[in-house]
Structures are given as C-alpha cells and as structure tokens.
Asks: 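Handing you a structure now.
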Amino acid sequence: MSALDRPAFPLRDYLPQRAPETTVAEPAREVPVLCECDVAVFGGGPAGVCAATAAARHGARVLLVERLGHLGGMATAGNVNLLHPLYGTDGATKVIGGLPEEFLRRLSSLGAAYNSARDGETGHWVICSETAKFVLDDMVLSSGCRVVLDTLAAGVLREDDRVRAVLVEGKSGREAILASVFIDCTGDADILRRAGCETQLGDGTGRCQAPSLCFRLAGKSPDALPLGDVYSELVKEPMDYNGEQYANFLWGSSGVWDRSEQMMAGTRVLNVNCADTLDLTRAEVEARYQLRWLLGRLKSLPGWEQARLIDIAAQVGLRESHRILAEHQLRREEVLHGVPFADAIAQGTYPIDIHTPDAPGIVFERLDGTRHRQNADRTWDTERWDGRPLDAPLRETLCYQVPYRSLVPRGLRNVLAAGRCIGANHDSAGAIRVMVNCMQFGQAAGVAAAMAVRDGDVHAVDTAVLRERLRATGVPLR
C-alpha cells in the first residue's frame, strides 16, 4: 500500500464545529397535516413493524413512519442477520411466539432463514437481510397499515400530558401527523425526548455500549480459520489507521444462500453517544476505516485469502443510547432471577451483554448463574454472579419477563415506547435490546395502543385483557 493509499486517522477537521452560543429564529408557520389516524408509529425497525402490524390487525387506523426507504432497521439496513431462540433455557419450552415467530416462519417458507440447532427449531435463527425487506413489507401492508418512507421525525407538539402532533420532514417538506396514540420505536426515544420527557443515557453517566458496523464477505474457504482464532490474530498488532488495539468482540454467521459467505460484526467504535449527530457521524466513519484494516489483515489468514467484500451495512449498529423513564424500570436482578410480572407482555433468554463503552472487553451474565468477562488484556474470567461457588449446580431459570409498565413513559398519557428505548436500567437493557425481544415489545405496544384509541390513555389499558389478546395471537406468556 502506497503512502497515497494508506488510511490516516484521525481525519482532521471533517466534523463541523458547533456554535452553541449562536442561534437563529425559526418563523412560526402553518404546517399541513399529512395524516390523521388512530395510532402513529415512528421507526420501522423490528419493533416498529410489529407495533404497526399488531395495531392494524386489532382494528386501528395506523400510520408507520420510517426514515429509510425500506423497513427492518437493524435486521435489514444494519445487516444484523441473527435472531435468538424462541425457546427457554431448557431448549424445549417455547417462550417467544407471535409476530417474531411469524416473521421467521415467513422467511423460512422462502428458504431465507435457517436454524442453528440440529432439530432445525430450538437454536438461533440466521436470516437473509435482503429477503427480510420483502417479508416485512408483506406483514405491514397486508395488515392494512399505511406507510410513509424516507421521512424523519422533526418535532413534537405537546399539550399538557398529551402529544397532539408529531412534525415530520420528507421530500414534501414539513408536515404534521395527528393521532390518538403514538408509539416511539425510534431506538433512541426521539419522539419522547422531543416531547420533553426525561431519559437515561447509557449507564447514567453518558457512557453507552460501543456500536458495531456489520458487513458481509464472500470467498471464505470451508476450512477457514474460525472466528475465535481470527480474533486472536487481529489483536496481535495495532490497527494501522489509529495505532490502537482492536477493541471488538468478533462474532458472525454464515450466509443463508451460500455458506461461503460470512456476516461479521467485525468493528467496534469506542466513546460515542450515537444519539448525538457528530458522535454518530464519527462512529460511521471510523467503523469503515476499522473495516478496511480488518479486511486487509483477514486476507493474510488461512482460508480467508480470497475473502472479498460484498456489502457494508447502511448504518452502524447501535446497542444503547437514550431509554425512557417508565412506570417500571426493569432491573438487572429481575432479568437474572426471571422475576414474573402480572402484566408481563414479553419473555426472553438472551443474557445481559455489556460491550465496554471505552475499552476492549465484554461481560456476559447468563440466567444459569455464570458471568463471563473478557478483560482489556483479552483474558477471560469466569465466575458466578449469584455468589455461589463456580462448581455449584447451574441455575434453571427458564426465561425472564418484561412488564407492560416498562413500555409506558412517565408524564405522558398517549405515548408508548417499544424497542431498545423502553424503561430498563443499563444492565438489564443489555439483555432486552436484541431484535427478537424488541419485536415482542412492538407487538404488545401495538395491541395496547389499539385498545387505548378510544380515550387515548395508555396508562388505563387493562393488562389482563392485553395479555389474553397477545396469547390469542400465539404469544406463549407464562
């Protein structure tokens, strides 16, 4: 690589400098109304798709607003092609159903998903992110939901404890959306923050789990060096673009149509708050520089010599930013001990998973009582989070539950949250943020919103009725 081609980082002066003491006045204006509906859903990722589909199937007039030109969020634009198991820790009891399962069954019927378990059912699922765009279109449009794409939420008009309208910006300029109930599925609580609601950012001090940029490669040999060994090689020398050590926890999955293809969550950018415009820009740019270094190193490893880049995710994969302050903040202990809730609307088994915000390292806390910690020096420690000896019998917690109250923000009557921005503390959010869980939150929020249309009060939803309606659609609540 010549000096002219060699990437250099930091890229000096490519981010603008804010002028916080300088402002301009935006003149008042009349804004045309784009749509009046019963339920307006903002964010067309896994949570938003399920929220909109569920609300429409339960009789509401629904509008789904998405900032990209297609649905799916992290499952499509983010290239995150893995959904965690529908079964409990015993591998036999189904704990997740409903719309997440429908999504997977639809993909499977097209040959666009496979299950990692020998029985083809109880393991994690790998999907084709491109085919998922078709399936998500089918689910939303067949429900009767209306859709607006390439449109960004720009502001909120609030009256006392209610949101009256959400302002959006698209090719037609600024318009307004009126609804009885709004659902925030933006991932970063954009609607609720613009409505003036208080949120928790990251761990409470502003430190957020590090994001990753996913990408796909072709040309992997059948006997290629496993990803764990690839990781061990990558950490042996600093990255060329910034002189720092590779900080990622490397994982990925083989392609659906061609097992020589490989999706990799192969990058990790430190010290960013991706709900901030400039930090998000830096994360996107730095992740691509990191990817270029990784690809060059990968080609020197056995079985990866012919690796070539197929595509890069359209957006960096965020793990954490703002979460609402809800009627109930889900706690670490409630997740790890599988505490049951009378108003439970979702269940999961994915462990607490914390990617260190500012250094190499990751921590997994599992329902079986174990904690696995990768340290900054790449060594691993295994211990028990429950205080028991390491050789004590493993815990047999089947799954954890998430209550409806964690979707209900404090201070507003007609807004719900779904996806990774629901009410959870930093630790518990590390478990519930994955897509198969976010889809459950979306389905529950959609049904609840349809129930709340008449009086526009999400706090007054009868959760016993909500749970029965979810069960009637295949949700296996305990």
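Side chains included, hydrogens not; waters and symmetry mates left out as well; all remaining heavy atoms used. Note that the structure is a prediction, hence the values are computed from the model and not measured.
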Asks: Looking at Arg319 and Ala210, would you say the former's side chain and the latter's main chain have a donor-acceptor pair under 3.5 Å?
Replies: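 Yes: the side chain of Arg319 pairs with the backbone of Ala210.
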
Asks: Thr397 and Gly338: which non-hydrogen atoms are nearest, and at how many Å?
Replies: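 Heavy-atom minimum between the residues: CG2-CA, 3.8 Å.
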
Asks: Tell me, with the steps shown, if Arg331 and Glu334 meet salt bridge (Lys or Arg N to Asp or Glu O under 4.0 Å).
Replies: CA-CA 5 Å; Arg331 302 191 303 273; Glu334 293 169 332; 3.3 Å; yes

Asks: Check this for me: does any side-chain nitrogen of one of Lys94 and Glu101 sit under 4.0 Å from a carboxylate oxygen of the other?
Replies: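 So Lys94 pairs with Glu101 through a salt bridge.
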
Asks: Go through the steps to decide whether Glu468 and Arg471 satisfy the test salt bridge (Lys or Arg N to Asp or Glu O under 4.0 Å), and finish with yes or no.
Replies: CA-CA 5 Å; Glu468 285 306 311; Arg471 286 193 181 100; 2.7 Å; yes

Asks: Considering all heavy atoms of both residues, which atom of Gly78 and which atom of Cys214 are nearest to each other, and what is their separation?
Replies: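 Shortest heavy-atom contact: O-CB, 3.4 Å.
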
Asks: If only atom types and distance count, is the side chain of Arg216 paired as donor or acceptor with the main-chain N or O of Leu309 below 3.5 Å?
Replies: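 Looks like no, no N/O pair under 3.5 Å.
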
Asks: Can you list the steps and then say if Asp386 with Arg395 is a salt bridge (Lys or Arg N to Asp or Glu O under 4.0 Å)?
Replies: CA-CA 9 Å; Asp386 59 4; Arg395 303 175 70 92; 3.4 Å; yes

Asks: Looking at Asp343 and Thr463, would you say the former's side chain and the latter's main chain have a donor-acceptor pair under 3.5 Å?
Replies: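 Such a contact is absent between Asp343 side chain and Thr463 backbone.
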
Asks: Is the ring pair Trp380/Phe249 parallel, tilted or perpendicular, if the boundaries are 30 and 60 degrees?
Replies: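 Rings of Trp380 and Phe249: perpendicular, over 60°.
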
Asks: I need the Leu192 CG to Cys421 SG distance, nearest 0.5 Å.
Replies: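 Output value for this atom pair is 7.0 Å.
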
Asks: Do you see a donor-acceptor pair shorter than 3.5 Å between the side chains of His426 and Glu320?
Replies: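 Present: a donor and an acceptor within the cut-off.
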
Asks: When you measure from the side chain of Arg57 to the backbone of Val447, do you find a donor-acceptor pair of N or O atoms at a distance under 3.5 Å?
Replies: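 Checked: no pair found.
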
Asks: Counting only heavy atoms from other residues, nucleotides and ligands, does the tally under 6.0 Å from CZ of Arg164 exceed 12?
Replies: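 Result for CZ/Arg164: open.
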
Asks: Please walk me through it: do Phe215 and Asp311 pass side-chain contact (heavy atoms from CB on, under 4.5 Å)?
Replies: CA-CA 6 Å; Phe215 55 91; Asp311 65 22; 5.5 Å; no

Asks: Report yes or no: does Glu396 contribute a side-chain atom to a donor-acceptor pair with the main-chain N or O of Asp368 at less than 3.5 Å?
Replies: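 No, Glu396 side chain to Asp368 backbone: no donor-acceptor pair under 3.5 Å.
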
Asks: Both conditions, 6.0 Å and 45 degrees, for the charged tip of Arg259 above the ring of Tyr114: are they met here?
Replies: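 Output yes; distance and angle both within limits.
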
Asks: Using modelled atom types only, decide if a donor and an acceptor are shared between the side chain of Glu175 and the backbone of Ser172 within a distance under 3.5 Å.
Replies: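 Checked: no pair found.
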
Asks: So which atom in Arg323 and which in Gly202 form the shortest heavy-atom distance, rounded to 0.1 Å?
Replies: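 So the two residues come closest at NH2-O, 2.7 Å.
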
Asks: Please round to the nearest 0.5 Å and tell me the distance separating atom OG1 of Thr267 and atom CG of Leu213.
Replies: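 Thr267 OG1 to Leu213 CG: 4.5 Å, rounded to 0.5 Å.
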
Asks: Looking at Asp184, Leu412, Val41, Ile183, which hits side-chain contact (heavy atoms from CB on, under 4.5 Å) with Ile191?
Replies: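 Testing each of Asp184, Leu412, Val41, Ile183 against Ile191, the sole residue satisfying side-chain contact (heavy atoms from CB on, under 4.5 Å) is Asp184.
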
Asks: Any salt bridge between Arg433 and Asp353, counting N to O under 4.0 Å?
Replies: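 Between Asp353 and Arg433 there is a salt bridge, with a charged N closer than 4.0 Å to a carboxylate O.
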
Asks: Strictly by modelled atom types, are Arg268 and His355 linked by a side-chain donor-acceptor pair under 3.5 Å?
Replies: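 Side-chain D/A pair, Arg268 to His355: present.
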
Asks: What do you reckon, is CZ of Arg410 surrounded by more than 12 foreign heavy atoms closer than 6.0 Å?
Replies: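 Result for CZ/Arg410: enclosed.
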
Asks: More than 12 foreign heavy atoms under 6.0 Å from OH of Tyr231: is that the case here?
Replies: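 Yes.
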
Asks: Is there a donor-acceptor contact under 3.5 Å linking the side chains of Tyr404 and Glu327?
Replies: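 The criterion, which ignores hydrogens and geometry beyond distance, is not satisfied for Glu327 and Tyr404.
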
Asks: Between Asn425 and Ser428, do the side chains contain an N or O donor and an N or O acceptor separated by less than 3.5 Å?
Replies: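 Side chains of Asn425 and Ser428: no pair found under 3.5 Å.
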
Asks: Would you confirm whether Ser260, through its side chain, and Ala218, through its main-chain N or O, come within 3.5 Å as a donor-acceptor pair?
Replies: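 Looks like no, no N/O pair under 3.5 Å.
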
Asks: Within 45 degrees of the ring normal and closer than 6.0 Å to the centroid, is that where the cationic atom of Arg366 sits relative to Phe364?
Replies: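 Yes, a cation-pi geometry.
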
Asks: Check Asn271, Thr356, Asp358 against Arg207 for a side chain to side chain donor-acceptor pair (under 3.5 Å) and give me the one that passes.
Replies: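 Only match with Arg207 under side chain to side chain donor-acceptor pair (under 3.5 Å): Asp358.
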
Asks: Are Tyr350 and Tyr400 an aromatic pair, judged by ring center distance below 6.0 Å?
Replies: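 No.
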
Asks: Closer than 3.5 angstrom, by distance alone: can the side chain of Glu121 be matched with the main-chain N or O of Asn115 as a donor-acceptor pair?
Replies: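 Not confirmed, Glu121 side chain does not pair with Asn115 backbone.
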
Asks: Could you check whether any side-chain N or O of Arg420 sits under 3.5 Å from a backbone N or O of Gly187, counting only pairs where one atom can act as donor and the other as acceptor?
Replies: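 The answer is yes, because a donor-acceptor pair under 3.5 Å joins these two groups.
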
Asks: Could you report the tightest heavy-atom contact between Asn437 and Gly348, atom names first, then the distance?
Replies: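 The answer is OD1-CA, 3.8 Å.
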
Asks: If you measure only the distance, is there a donor-acceptor pair under 3.5 Å linking the side chains of Asn414 and Asp457?
Replies: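 Distance-only check fails for Asn414 and Asp457.
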
Asks: Using only atom types and a distance under 3.5 Å, with no angle test, would you say the side chain of Ser253 pairs donor to acceptor with the backbone of Met263?
Replies: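 Not at all, since once roles are kept as given, no pair shorter than 3.5 Å links the two residues.
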
Asks: Checking side-chain contact (heavy atoms from CB on, under 4.5 Å) against Glu286, which of Leu291, Val269, Val272 comes through?
Replies: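 Per the side-chain contact (heavy atoms from CB on, under 4.5 Å) rule, the option paired with Glu286 is Val269, out of Leu291, Val269, Val272.
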
Asks: Supply the atom-to-atom distance Ile177 CD1 to Cys35 SG, rounded to the nearest 0.5 angstrom.
Replies: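 Reported to 0.5 Å precision, the distance equals 6.5 Å.
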
Asks: Please round to the nearest 0.5 Å and tell me the distance separating atom CD of Gln440 and atom SG of Cys50.
Replies: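 Between Gln440 CD and Cys50 SG, I get 9.0 Å after rounding to 0.5 Å.
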
Asks: Taking atom CD of Glu198 as the centre, does the number of heavy atoms from other residues, nucleotides or ligands within less than 6.0 Å exceed 12?
Replies: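 12 or below, so no.
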
Asks: Just distance, no hydrogens or angles: give the donor-acceptor pairs under 3.5 Å from side chains in residues 125-132, sequence neighbours left out.
Replies:
residue: Ser129; atom: OG; partner: Ala75; partner atom: O; Å: 2.8
residue: Glu130; atom: OE1; partner: Lys133; partner atom: NZ; Å: 2.9

Asks: Start with the C-alpha distance between Asp38 and Ser180, add both sets of side-chain angles, then the distance that settles side-chain hydrogen bond (donor to acceptor under 3.5 Å, both in side chains), and finish with yes or no.
Replies: CA-CA 5 Å; Asp38 296 327; Ser180 296; 4.7 Å; no

Asks: Is there a donor in the side chain of Lys220 and an acceptor in the side chain of Ser254, or the other way round, less than 3.5 Å apart?
Replies: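 Judged by distance alone, the side chains do pair up.
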
Asks: Would you tell me whether Thr473 and Gln443 have side-chain atoms, one donor and one acceptor, within less than 3.5 Å of each other?
Replies: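 Yes, Gln443 and Thr473 have a side-chain donor paired with an acceptor closer than 3.5 Å.
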
Asks: Cut-off 3.5 Å, side chains only: do Ser406 and His328 have a donor facing an acceptor?
Replies: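 No, because no side-chain N or O of Ser406 sits under 3.5 Å from a partner of the opposite role on His328.
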
Asks: Report the C-alpha separation of Ser321 and Asn273 in whole Å, then their side-chain angles, then the decisive distance to 0.1 Å, and conclude whether the side-chain hydrogen bond (donor to acceptor under 3.5 Å, both in side chains) test is met.
Replies: CA-CA 6 Å; Ser321 64; Asn273 161 25; 5.4 Å; no

Asks: Find the distance between CG (Asp279) and OG1 (Thr277) and round it off to the nearest 0.5 Å.
Replies: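 Rounded to the nearest 0.5 Å, the CG-OG1 separation comes to 9.5 Å.
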
Asks: Closest heavy-atom contact between Arg67 and Leu152?
Replies: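 In this case the closest contact between Arg67 and Leu152 is CB-CD1, 3.9 Å.
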
Asks: Can you tell me how far apart SG (Cys185) and CG (Leu64) are? Round to the nearest 0.5 Å.
Replies: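 Going from the SG atom of Cys185 to the CG atom of Leu64 covers 8.0 Å.
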
Asks: Within a radius of less than 6.0 Å around CG of Asp160, do more than 12 heavy atoms belonging to other residues, nucleotides or ligands occur?
Replies: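 Atom CG in Asp160 is not crowded, with 12 or fewer foreign heavy atoms closer than 6.0 Å.
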
Asks: For Met74 and Gly317, which heavy atoms make the closest approach, and how far apart are they?
Replies: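 The pair with the smallest heavy-atom distance is SD-CA, 3.5 Å.
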
Asks: Quick one about Asp203 and Thr205 (side-chain donor to acceptor, distance below 3.5 Å, no hydrogens or angles considered), yes or no?
Replies: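 Their side chains do contain a donor-acceptor pair, which is all the 3.5 Å distance test asks for.
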
Asks: Less than 6.0 Å separating the ring centroids of Trp385 and His337?
Replies: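 Here the rings of His337 and Trp385 have centres that are less than 6.0 Å from each other.
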
Asks: Checking Arg61 against Glu36 for the salt bridge (Lys or Arg N to Asp or Glu O under 4.0 Å) test, could you report, in this order, the C-alpha distance in whole Å, the side-chain angles of both residues, the deciding distance, and whether it holds?
Replies: CA-CA 9 Å; Arg61 296 175 302 135; Glu36 294 186 59; over 6 Å; no

